[in-house]
Amino acid sequence: MPIVIQPSASVERGLWVRGWGAVAKGDLVLIDAPDAVIGLLDRHGRHGHTRLLKPVAGLVGQTVRCDESGLVIDGVRLAPTARVTSQGEAMPVFGMDRVLQPGEAWLLAEGVLTSVDSRCFGPVVLDEAQGPYRLWWSWDR
């Protein structure tokens, strides 16, 4: 899918176009929502086949610790973890304390506490992701 319409606030809302080249930290990738969060997304109005556009926060060789106290990558605290959604439903927290392996990435929408990202479902396999994506047009500007 070369163009994505991003309606949620986890990244800038607008039209995103697939670029080329290797995915780097800070790039956005498009993934199919992992099974662990499909039910949550369905209950919050994102029915059917759901794709998520998220920034890459961690890549191979980086140490990721994620638990109910927050997310730390390479010793730097990057974000808290949400306990409940904006509607009061429990948010899943993926517990992890290990080094990312080749082909893995950690996704994080910084500044969006209730974003459904790797804090909820863990690392993703980059071979199953599409990207990088670049902002083409924003309706927030």
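In what follows, every heavy atom counts, from backbone to side chain, and hydrogens, waters and symmetry copies are set aside. Bear in mind the structure is a predicted one, so any value in this text is a computation, not a measurement.
- Taking CD from Gln87 and OG1 from Thr114, the interatomic distance works out to 8.0 Å, rounded to the nearest 0.5 Å.
- In terms of modelled atom types and a separation under 3.5 Å, the side chain of Asp74 and the main chain of Thr63 share a donor-acceptor contact.
- In the model, Lys54 has a side-chain atom that pairs as donor or acceptor with a side-chain atom of Ser115 under 3.5 Å.
- Leu108 and Ile31 end up in different hydrophobic clusters when Ile, Leu, Val, Met, Phe, Trp and Tyr side chains are linked at under 4.5 Å.
- The structure places CZ of Arg83 at 10.0 Å from CG of Leu113, a figure rounded to the nearest 0.5 Å.
- Smallest separation of non-hydrogen atoms from Tyr133 and Pro2: CE2-O, 3.7 Å.
- To the nearest 0.5 Å, atom CZ of residue Arg119 and atom SG of residue Cys66 are 7.5 Å apart.
- Hydrophobic clustering (ILVMFWY, side-chain heavy atoms < 4.5 Å, transitive): Val76 and Val72 are in distinct clusters.
- When the options Leu107, Leu41, Thr85, Thr50 are evaluated for a side chain to side chain contact (heavy atoms under 4.5 Å, CB included) with Val116, the one that passes is Leu41.
- With a 4.5 Å cut-off on side-chain heavy atoms, Pro55 and Val11 count as touching.
- Side-chain contact between Val56 and Val23 is present, with heavy atoms from C-beta onward closer than 4.5 Å.
- What you find for Lys25 and Ala57 is that their closest heavy atoms are CE-O, 3.2 Å.
- Annotation: the span from Arg134 atom CZ to Arg18 atom CZ amounts to 11.5 Å, rounded to 0.5 Å.
- Of all heavy-atom pairs between Asp27 and Ala22, the closest is OD2-O, 3.8 Å.
- In terms of heavy-atom proximity, Gly58 sits nearest to Leu100 at C-CD1, 3.4 Å.
- Around atom CG of Leu15, more than 12 heavy atoms belonging to other residues, nucleotides or ligands sit under 6.0 Å away.
- The structure places CG of Leu71 at 8.5 Å from CD of Glu110, a figure rounded to the nearest 0.5 Å.
- Taking all atoms of both residues into account, the shortest heavy-atom contact from Val37 to Pro92 is CG1-CG, 4.3 Å.
- Between the CH2 atom of Trp106 and the CG atom of Leu59 there is a distance of 13.0 Å, given to the nearest 0.5 Å.
- Under the 4.5 Å side-chain heavy-atom criterion for Ile, Leu, Val, Met, Phe, Trp and Tyr, Phe94 and Ile73 are members of the same hydrophobic cluster.
- Between Asp67 and Arg65 the shortest side-chain heavy-atom distance falls below 4.5 Å.
- Side chains of Glu68 and Thr81: a donor-acceptor N/O pair is absent below 3.5 angstrom, by distance only.
- With contacts defined as side-chain heavy-atom distances shorter than 4.5 Å, the pair Glu104/Arg98 qualifies.
- The shortest side-chain heavy-atom distance between Leu28 and Pro132 does not fall under the 4.5 Å cut-off.
- Summarising the local packing, CH2 of Trp139 is surrounded by more than 12 heavy atoms from other residues, nucleotides or ligands at distances under 6.0 Å.
- Contact between Met91 and Leu40 at its shortest, heavy atoms only, is SD-CD2, 4.2 Å.
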